[in-house]
Amino acid sequence: MQEYNPQQVEAKWAKIWEKKKAWKVDLKKAKKPYYNLMMFPYPSAEGLHVGNVYAFTGSDIYGRFKRAQGYDVFEPMGFDAFGIHSENFAIKKGVHPKTQNAKNIAHFRQQLESLGALFAWDHEVDTTRPEYYKWTQWIFLQLYKVGLAYKGKAPVEWCPSCKTVLANEQVINGKCERCDSQVIQKELEQWFFRITKYAERLLKNLEKIDWSERTKASQRNWIGKSEGVQFSYKVKDMDIHFEMFDSVPQTFMAQTFTVIAPEHPKLYELVKGTEHEKSVLEFVEAIKQKKAAQKFDIEKEARGIFTGRYIEYTPAKRLLPIWVASFVIADYGSGVVNASAHDERDFAFAKKYHLPLHPVMFPEDPIEAEKVKSLEYCYHHAVDGVLVEPAEFKGRNWSEVRGDIVDYIERNRWGKRVSQYHLRDWLISRQRYWGPPIPIIYCKKCGTVPVPEKDLPVLLPFVKNFRPEGTGKSPLASVPSFVKTKCPTCQGPAERETDVSDTFLDSAWYFLRYPCTDIKTKAFDADILKKWLPVNMYIGGQEHAVLHLLYTRFITMALNDLGFVEFEEPFKKFRAHGLITKEGAKMSKSKGNVENPDDYFKKYGADTVRLYLMFIGPFAEGGDWSDKGIVGMYRFLNRLWGFVERSQGSSEASLESLRHKTIQKVTEDLENLRYNTAIAALMEYLNESSRASKGSKKDAETLLILLAPFVPYITEELWKMLGSKDSVHGQPWPSFDQKLVAEKSFKLVLQVNGKVRDVIEVSIGISQKEVEKKALSSEKIIKTLQGKKPSKVIFVPNRLVNIVV
RNA sequence: GCCCUCGUGGUGAAACUGGCAGACACGCAUGGCUUAGGACCAUGUGCCGCAAGGCUUGGAGGUUCGAAUCCUCCCGAGGGCACCA
């Protein structure tokens, strides 16, 4: 008798597997390629946390399951190591990011190895290595060539503490997501990727990819398509035309004034040389200052000023006064909007500045309609509202008239159908050190010149002082040996771009590099990609539902258009895993509630931790980490150990029906990532087997094969104990026989008026006649019926009978 | 405000296309083993009730022979978007 000693078992097999390179896949020779991808981690100084372990375990179980089904599973691992996190940490500790990064990665790798996953370490990727970011820069150049990368001046979110530009998503309620400082607006020359060009495709393709609905919904929201009408109007007495977008065109006849954004480029032209010039410019300046200071209270302040100009509003043959209004967004639509009585904001604005209002839609209730007419309140988004204008549509409902109104507007040539998107271009410039330099050279003679591909990579120089200076320039700007260079075109003196690119660019293509890490001459090889991509299964956190996944899709589409890859969607299947919390709260350093998996590995072993995490609840939903439940898993593995030990050399018969039933259940659950119920089924199987037999070898073997994806170490050890020479991880996934799954008899439920009154054991396939006979002779049924005659009998074969009286 | 996801015992959670609600665990209780504790084993455990029986899936209605599951409204939680016209 030997006791289960997880540390010993796990150390032993980890060593053997490593030596045998047990999980190595020959990418060229593989016959049934299956690319099982998980989001690669950012190697923080704290090491792997429980959330990482959760994600990787869930993904690895799926990979091992596919492997057992005969696929050549490629399950690579790497490190998303560039970025502001590493840099901030390095600044705080006074260690160079490069040094720190190497340390972190070493720690991570060692932790990951103990997890017992199928990782293909011979294809590891580290985004900070020149061999990798050379190709990140190369991708930039490809996009630049076709105009998908461009430089533009743009107001950007600037964090005065981190001294860098932030992406929109890094700004939470006007504050920096990292240091909580008030973000200010700044105008800078920045590099952008034209992701907006792909808005419609990014949206439409969502229909044809197998992703969790939640993730798709987030992407749809982010892209934010809005359909409506674009009108075009002339400014009275001026040669200026404005395009105006309206997503609620039904009430277009209600428009009585026009609002324009304070930042609108044509605003100055409107007021130049008029009596309004001074007051308008003062107003604009005040608004800009408020916005920069982020003191603008969205709820209360809707301020405006008259420009002295009018729009010639053709459909209603009236003039609309143009007002500058603080609430108008400059970079959505055209920055100019016609306002009406049927929009709450416009209504409030009009009341405040005594502007005319002209409602054209009313409730059916005449008393309420009178109130709307007398402008007592704003009547908006009312699905049952009835139009009175234009005359052709009088009496028709707001909700059904939309299409016809748009047709009508188009017929009159007042406007046309268009779509607007909330999606903005992707700002990729970062005024930081720890990232790949953007491969661009500025020459006084030749202008902006891309670095020739043969000169890649543009190496990130080792800079001692990499702290951002707050000048709006990257730390690289203070390294003359980096900045000063020759123009690739004219050989004259020139300067390098000193910004680095966004970390999200590194991670937007890493999955293409994994299978090609051994190729030095190009980013990826067409033949290999053809064989292995798109990725079969991608698993990662829901927090990346928008940015990472959207950027990745965009880069893939662009590469597809450029002819580098043959697919436009990178991930056939994506599943988001849930979040692991601690006492209901998200684990974070600042809260001090981060669980370190190492402690649990030491105490129970990786197998138990893996099993416990998967048992907490549905993989897609995550759960709360508490160390209470973990003992249950440890007990289970100990019971398994004992059972297998007893079944050595046993010739007891197996529980055929339950065995097949369990195989079916576990197979189906694994396919759908329902690990918690698969584990429950395996526990039942062990419980039943232990009860029924001293130890059936057949049952023990089946248990081990089915459990192997979850707990790779103990199953391997026990497999050997049963006397096999080969590995449990080389065993084919067992199949089940539908005939054997079905039992000979079942428990028939007897109901009266839908309430269960009795349960009797009968044989499968029993006829309705027989059932009725049996049911009506049941004592409990007779008692419940009290002599009443059944009016109807519902019979569900092999399940129940319901007697209605 | 709009869009998604969800709400089931003391706890984590099960329940396939509507068909025995609470599988599997944790915890708890009782008993066994043990000097004791732990570990382990056995049994029990939704609520009310001595019992017969009744009640029970956030709340209120509805559809159905039958609803955790479908429909309507309301309440609550989590997430995404948001002065987006």
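All chains are named by letter (A, B, ...) in the order of the sequence lines, taking the proteins before the strands, and each is independently numbered beginning at 1.
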With sequence neighbours excluded, tell me which residues meet ring-ring contact (aromatic ring centres under 6.0 Å, His included) with [X].
{"X": "Tyr353(A)", "result": "Trp323(A), Phe349(A)"}
{"X": "His264(A)", "result": "Phe242(A)"}
{"X": "Tyr313(A)", "result": "Tyr233(A)"}

Gap between atoms [atom1] and [atom2], on [X] and [N] respectively (whole Å):
{"X": "Glu263(A)", "N": "C83(B)", "atom1": "CD", "atom2": "P", "value": "13 Å"}
{"X": "Lys661(A)", "N": "C16(B)", "atom1": "NZ", "atom2": "C1'", "value": "13 Å"}
{"X": "Leu579(A)", "N": "G80(B)", "atom1": "CG", "atom2": "P", "value": "11 Å"}

Salt-bridge contact Arg691(A)-Glu688(A) (side-chain N to carboxylate O under 4.0 Å):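 Salt bridge: yes.
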Mind checking whether [X] and [Y] have parallel, tilted or perpendicular rings, split at 30° and 60°?
{"X": "His577(A)", "Y": "Tyr54(A)", "result": "perpendicular"}
{"X": "Tyr634(A)", "Y": "Tyr4(A)", "result": "tilted"}
{"X": "Tyr600(A)", "Y": "Tyr604(A)", "result": "parallel"}

Dot-bracket line, read 5' to 3' along RNA chain B, where crossing pairs take [ ] and | marks a partner on another strand, Watson-Crick or G-U under 3.5 Å: (((((((..(((......[....)))((((((.......))))))(((....)))..(((((..]....))))))))))))....
Heavy-atom closest contact (Arg553(A) atom, Asn205(A) atom, distance):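 Reported closest heavy-atom pair: NH2-CB, 3.4 Å.
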Interatomic distance at [atom1], [N] relative to [M], whole Å:
{"N": "C75(B)", "M": "A60(B)", "atom1": "P", "answer": "15 Å"}
{"N": "U11(B)", "M": "G79(B)", "atom1": "C1'", "answer": "24 Å"}
{"N": "G9(B)", "M": "U57(B)", "atom1": "P", "answer": "10 Å"}

Annotated protein contacts, base or backbone, on nucleotides 19-25 of chain B with a non-hydrogen cut-off under 4.0 Å, one of B, S, - each: BBS-BBS
Kindly give the atom pairs (protein nitrogen or oxygen, nucleotide nitrogen or oxygen) under 3.5 Å for nucleotides 5-9 of chain B.
none

